[in-house]
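The structure appears right after this line, and notes come after that.
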Amino acid sequence: MPELPEVEVTRLSFADRIAGARILSARLGKPLRWPLGIDPATLAGRTVLGVRRRGKYLLVDLGEDPGQDRGYAPGQADGLLLLHLGMSGSLAFADSHPAPGPHDHFDLATTRGVLRLNDPRRFGAVVWAPGEDSPEARKLLGRLGVEPLGPDFDPQAFHAGLRLRNAPIKQVLLAGELVVGVGNIYASEALFLAGIHPTTRASRISLARATRLHAAVRDVLARAVQKGGSTLRDFSNAFGESGYFQLEAMVYDRAGQPCRVCGAAVRRLVQGQRATYYCVGCQK
Ligand SMILES: [Zn+2]
């Protein structure tokens, strides 16, 4: 499943190239998780102002062509497309694509190339919203926690949020209410780096430990983005969890193998139907 770093790497792969492009047409394939919400023909003639990311959504801002000066404030957009890759989606932006295959469910043809969504399982979506504060957008973005790599993610607020939650820390991270984008691999890895046992109740984590976890979350995600960015060319073929595996996980998927720090065997447990990997020697 594409996680936040993969979505950010996807954004970086085409955002610069599509900014300023005028939409020529939009084509829908089979139904995705949610309907587009607008007649695709009405997208033609609009200009792509830029592409932002919020959690695992890509926000394609549309509006009037700003001319030579490409800078814009998202508030100037007069609509946006919210793209989600679901379980199996991938986006490719190219001068042209072959005729759409059975899993190509959205094409946005522009003056600079065609953005295509391929999604075999169709849990992904492309949704139109008239603005970021519109009900259409708020329904998808309204409950997201803060961005892990943004300025609003700070240790004190994170700790205050943890204090209110009694669930195991691993599940609190995965829930995405305090901070978005810490998927299954990243949660195991960040907890290892912070030395925190995954079953620890979130409310019992001290400010010092919360501060270490805050730094670990940022570190793990930022390195994954960086690594993905350096292998962009292979990215569309290497989707899913491979982006992180290139980083050499400390614990994820290493059950029974020696911890890279202390040598104890890495253990696996299941929390909320998701596998968690940890080291009893390093995580308390
Ligand atoms: Zn260890």
Side-chain angles (χ1 to χ4, degrees), residues 1-6 8-9 56 145-149 153-231 238-284:
M1 187 190 325
E3 298 286 355
L4 183 145
E6 286 86 350
E8 176 64 8
V9 170
K56 295 207 288 182
V146 299
E147 283 293 323
L149 300 174
F153 183 42
D154 82 89
Q156 282 79 16
F158 181 49
H159 178 245
L162 294 178
R163 292 283 302 254
L164 300 173
R165 287 165 168 85
N166 270 319
I169 180 63
K170 163 84 184 312
Q171 282 159 267
V172 169
L173 289 175
L174 279 192
E177 291 172 2
L178 283 183
V179 55
V180 293
V182 189
N184 202 40
I185 301 173
Y186 306 105
S188 279
E189 292 292 301
L191 287 167
F192 175 83
L193 291 182
I196 298 173
H197 195 287
T199 61
T200 308
R201 299 216 165 274
S203 56
R204 302 196 52 182
I205 292 174
S206 66
L207 176 59
R209 274 151 64 85
T211 302
R212 281 212 302 277
L213 181 56
H214 168 271
V217 163
R218 279 201 198 241
D219 180 55
V220 162
L221 293 173
R223 276 191 293 138
V225 170
Q226 203 172 32
K227 192 76 186 178
S230 67
T231 57
F239 228 105
E241 301 183 324
S242 53
Y244 192 75
F245 281 120
Q246 294 167 9
L247 280 182
E248 189 168 83
M250 296 300 278
V251 287
Y252 187 81
D253 204 27
R254 296 193 66 239
Q257 296 178 48
C259 169
R260 298 189 201 280
V261 173
C262 75
V266 170
R267 296 192 187 180
R268 177 186 189 271
L269 64 84
V270 174
Q271 295 177 283
Q273 299 173 332
R274 307 297 301 277
T276 301
Y277 299 85
Y278 66 103
C279 171
V280 281
C282 295
Q283 292 172 259
K284 306 290 178 197

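Each ligand, and each atom within it, is numbered from 1 in the order the structure gives. Residue indices begin at 1 and follow the sequence shown.
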Item to check | Single hit among Tyr186, Phe192, Tyr252 for ring-ring contact (aromatic ring centres under 6.0 Å, His included) with Tyr277 | outcome: Tyr252

Checklist outcome for this item: side chain to side chain donor-acceptor pair (under 3.5 Å) filter on Arg260, not counting sequence neighbours, yields none

Checklist outcome for this item: Excluding water, the protein N, O or S atoms sitting under 2.8 Å from the Zn ion (ligand 1) are Cys259 SG, Cys262 SG, Cys279 SG, Cys282 SG

Checklist entry - Can any side-chain N or O of Arg212 pair as donor or acceptor with the backbone N or O of Ala194 at less than 3.5 Å? => result yes

Ignoring hydrogens and angles, write down the donor-acceptor pairs under 3.5 Å from the side chains of residues 213-220, residues two or more places apart or on other chains.
from   : atom 1 : to     : atom 2 : distance (Å)
His214 : NE2    : Phe153 : O      : 2.8
Arg218 : NH2    : Gly150 : O      : 3.2
Arg218 : NH2    : Phe153 : O      : 2.8
Asp219 : OD2    : Arg223 : NE     : 3.3
Asp219 : OD2    : Arg223 : NH2    : 3.3

Item to check | salt bridge (charged side-chain N to carboxylate O under 4.0 Å, His left out) partners for Arg165, two or more places apart | outcome: Glu177

Next on the checklist: Rounded at 0.5 Å granularity, tell me how far OG in Ser188 sits from CD in Gln283.
Outcome noted: 8.0 Å

